Amino acid sequence: MPELPEVETTRSGVAPFAVGRVIEQVIVREARLRWRVPPELPTRARGQRIQSLSRRAKYLLFGLGNGTIILHLGMSGSLRVLSRGSPPMAHDHIDIVLDDGVVLRFNDPRRFGSLLWTPDDPLQHPLLRSLAPEPLSDEFSDAYLAKAAKGRKVAIKQLVMNSQVVVGVGNIYASEALFRAGIRPKRAAGRLKPAEFAALVKSIKQVLREAIRQGGTTLRDYVNPQGMPGYFRQKLFVYERAGEPCRVCKTPIRQFTQGQRSTYFCQQCQS
DNA sequence: ATGGGCACCTGGCTGC
DNA sequence: TGCAGCCAGGTGCCCA
């Protein structure tokens, strides 16, 4: 899936087509996503003008007059901008048909994504209520991360992937940020020095910003709303590069498993 | 509170 | 060619 840069690329690519348009209908071909698509969603959304398209963590929020559509892309989801009449392909689960004939089509082979509806403040929705700060906000600072890590024994990589600590840092960018900061992924979070928290926070912000600028990272399925891949893959230092030479020191990149996820690092550059 | 493991699901690749 | 096994951008939930 989509990590934060891919979700942000989706938001900025869809927004010009969506904001200000009226939803003509929502077509649900497959309601069995991570959570069942609420049966009332198409009825609620029909005839509503899309007032805003925002993002919180990896959730996309379509602000309507009477509530909010909450969309999560899961591991393998994508949202594409198409035109009315383009035939649905495999795993094209949802269409949001707009009044000018544009179709926003949600495709998700693994169905880990979700499409939800809330009439209330979406930020108070159970899934969003207790999320940590955005990584690109000022709130996510050295001091903040140091405090969140204090006394914690979990590996630093797992800490930065914890959405109660900071949102939007997934498996690719966690490894990449730790490489850039020169910190080994296995280090106990509470044992990092102040300068290391500072370096890590800086690296997280930097890698996410650069990836957004490149349209995200495409490994397998991810495509932007225009159906194009993201170009950050060629900028990756460690992710999916096990055995290949470190771009900085030529030492072979190592891979191991942490919390059932693959981690990549350079033994020479990270300590 | 914290940490660890499982579950949800499909498809692509590898190796026998 | 077929098929079993393993892996994949996430994250909520249950248990110790």
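Numbered from 1 within each chain, the chains take letters A, B, ... in sequence-line order. This structure is a prediction, so every number in the text was calculated from the model and none was measured.
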query = Would a distance-only check, ignoring hydrogens and angles, find a side-chain to backbone donor-acceptor pair under 3.5 Å from A/R129 to A/L131?
reply = no

ask   = Can a side chain N or O of A/R34 be found less than 4.0 Å away from OP1 or OP2 on C/dG10?
value = no

task = Quote, to the nearest angstrom, the P distance that separates C/dC3 from B/dC9.
result = 23 Å

message = Test your reading of the model: is there a side-chain donor-acceptor pair from A/E24 to the backbone of A/R46, 3.5 Å cut-off?
response = no

ask   = To the nearest Å, how far apart are A/M89 CE and B/dG11 P?
value = 13 Å

Nearest-angstrom distance from the residue atom CG of A/L73 to C1' of C/dA8 = 16 Å

inquiry  = How many whole angstroms separate atom CD of A/Q258 from atom C1' of B/dG4?
reply    = 13 Å

key: Verify stack between A/F112 ring and B/dC8 base, 5.5 Å, 30 degrees   = yes

request  = Establish, yes or no, whether the cationic atom of A/K186 lies under 6.0 Å from the six-membered ring centre of A/F256 and within 45° of the ring axis.
outcome  = yes

Separation of atom CD1 in A/I172 from atom C1' in C/dC7, rounded to whole Å = 14 Å

query = Between A/Q260 and A/V154, which is nearer to the 5' end of DNA chain B once each is assigned its nearest nucleotide?
reply = A/V154

key: Nucleotide nearest A/K58 (side chain, heavy atoms from C-beta), chosen from B/dG3, C/dG12, C/dT11   = C/dT11

query = Do A/T217 and A/Y173 get their side chains close enough for a donor-acceptor pair, meaning under 3.5 Å?
reply = yes

request  = Determine whether any donor atom in the side chain of A/R110 lies under 3.5 Å from an acceptor atom in the base of C/dA8, or the reverse, and answer yes or no.
outcome  = yes

task = Find the distance A/E3:CD to C/dA8:P and express it as a whole number of Å.
result = 13 Å

query = At under 4.0 Å between heavy atoms, what does A/R261 touch on the DNA or RNA strands: base, sugar-phosphate, or nothing?
reply = base

query = According to a strict under-4.0 Å criterion, is A/H91 in side-chain N/O contact with OP1 or OP2 of B/dG11?
reply = yes

message = Using a 4.0 Å heavy-atom cut-off, does A/F232 contact any base of the nucleic acid, only the sugar-phosphate backbone, or nothing at all?
response = nothing

inquiry  = In whole Å, measure the gap between the P atoms of C/dT11 and B/dA1 for me.
reply    = 22 Å

message = Please report the distance, rounded to the nearest Å, between NE2 in A/H72 and P in C/dG12.
response = 7 Å

request  = Quick one: look up who B/dC9 pairs with, Watson-Crick or G-U, both distances under 3.5 Å, and put none if it's unpaired.
outcome  = none

message = Rounding to an integer number of Å, can you tell me how far A/R111 CZ sits from C/dT11 P?
response = 18 Å

request  = Look at A/S262 and C/dA8 and indicate whether a side-chain polar atom (N or O) is within less than 4.0 Å of OP1 or OP2.
outcome  = yes

key: Short side-chain donor-acceptor distance under 3.5 Å, A/N107 and A/S78   = no

query = How many Å lie between CD on A/Q158 and P on C/dT11, as a whole number?
reply = 15 Å

